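Taking it in order: structure first as structure tokens, then the write-up.
Numbering starts at 1 and runs along the sequence shown. These numbers come from a predicted model, not from an experiment. Both counts, for ligands and for their atoms, begin at 1 and track the order of listing.
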Amino acid sequence: MSSYHVPVMAETCLELLNLRAGKVYVDATLGGGGHALAMLQRQPEISLYAFDQDPEALEQAGKILSGYTPVLIKSNFRNLRTELAYNKVKGIDGILFDLGVSSHQLDEAERGFSFDKNADLDMRMDPDQEFSALELVNTYDVQGLSRIFKDYGEENAAGRIARAIDKERLNGQIQSTSQLARIIESVVGVGSTESLKTKVRIFQAIRIAVNDELAALSYSLSDAINLLNPGGRIVVLSYHSLEDRIVKHAFRLAATACICPPAIMHCVCDHKKQLKILTTRPLMASEAEIQENTRSRSAKLRAAEKIKGEK
Ligand SMILES: C[S@@+](CC[C@H](N)C(=O)[O-])C[C@H]1O[C@@H](n2cnc3c(N)ncnc32)[C@H](O)[C@@H]1O
């Protein structure tokens, strides 16, 4: 498998996607193409539409998928419905989301995703997007920064780190990942596990905000569920609790027939049950896989099947 990115829980994804010849599938997060290749190798007779907002990922995946004919789409998966409509796809029989960034994106210093690799602050998955970490870190006020660190990083020292950034900005623009890492260390210290975890949380929070990851996910999940044909499957791999919570709630809502408040005796809502949840608890990678691929350690997999809408 390519060193670009090793696909996580690939066999479980394949089983849950229930690939059937002649049917239509979507890989919403193509990355290095590992999951897509596994899907096409397992069932070459599928139509596969694969999304990524990072052109480098599409280029890499295009190479490893060269023996097949998937449709590669350079777009944010929040545009799932319109992009598929553009390709004349009205319904799909399975969709995989493997969220977050690829190992390659993390390893590539100049993308600015990692605090331990010095680079310009960037963190855009889509290089055509204008808004970057540089703009966020240098223009958001203390309250805005603090909210991002709290909401997307669940960081206790959010306020103190936001104020330290604000103070440093008086000396000029904060340009690099190392500069930002040093500011965080000035608040939480250097060398301890807690300091390391804080840097992970703050960088993650900025990445989520720059790419508007959680809104894109919520938006796309609801479109994906609507697009699924009866019997179609949705499989989502998430890597932190914020993503997993969104997936859990989206599945639960779609698996509920009535969403009227409990005080209402007779249902007046138009809501229909659309999904049967296949994973009552999220599935995790095996110990053996975690040993082989540390990235799989935090993976949580949830899957569901579309049913005919019912009250
Ligand atoms: C974890 S990697 C996927 C790895 C892939 N499953 C494989 O086996 O190589 C996630 C990929 O999804 C892309 N991505 C993340 N969020 C996206 C979004 N909202 N729209 C489109 N692509 C997205 C990232 O650019 C990255 O390449």
* Output yes when the distance from some N or O of ligand 1 to some N or O of Gln105 is under 3.5 Å, and no in every other case. => yes
* Any N/O pair Ala216/ligand 1 closer than 3.5 Å -> no
* To do: Indicate yes or no: does an N/O atom of Gln53 lie under 3.5 Å from an N/O atom of ligand 1?
  => yes
* Are any of the N or O atoms of Asp98 closer than 3.5 Å to those of ligand 1? -> yes
* Any N or O of Ser102 closer than 3.5 Å to N or O of ligand 1 -> no
* **Pairs satisfying side chain to side chain donor-acceptor pair (under 3.5 Å), at least one member in residues 74-97, at least two apart** => Gln53-Asn76, Lys74-Asp126, Lys74-Asp128, Ser75-Asn79, Ser75-Glu83, Arg78-Asp212, Arg81-Asp223, Asp93-Asn229
* Structure fact -> The side-chain contact (heavy atoms from CB on, under 4.5 Å) partners of Ala50 (sequence neighbours excluded) come to Asp27, Leu30, Leu72
* **Closest contact, heavy atoms only, Ala304 versus Leu275** => CB-CD1, 3.7 Å
* **For ligand 1, the portion of Ser75 having any non-hydrogen atom under 4.0 Å away** => backbone
* Check against side chain to side chain donor-acceptor pair (under 3.5 Å), Asp54 and Gln105 -> CA-CA 9 Å; Asp54 180 352; Gln105 286 166 326; 2.8 Å; yes
* Do any nitrogen or oxygen atoms of Asn76 lie less than 3.5 angstrom from nitrogen or oxygen atoms of ligand 1? -> yes
* Structure fact -> Note: Glu213, heavy atoms under 4.0 Å from ligand 1, region reported as neither
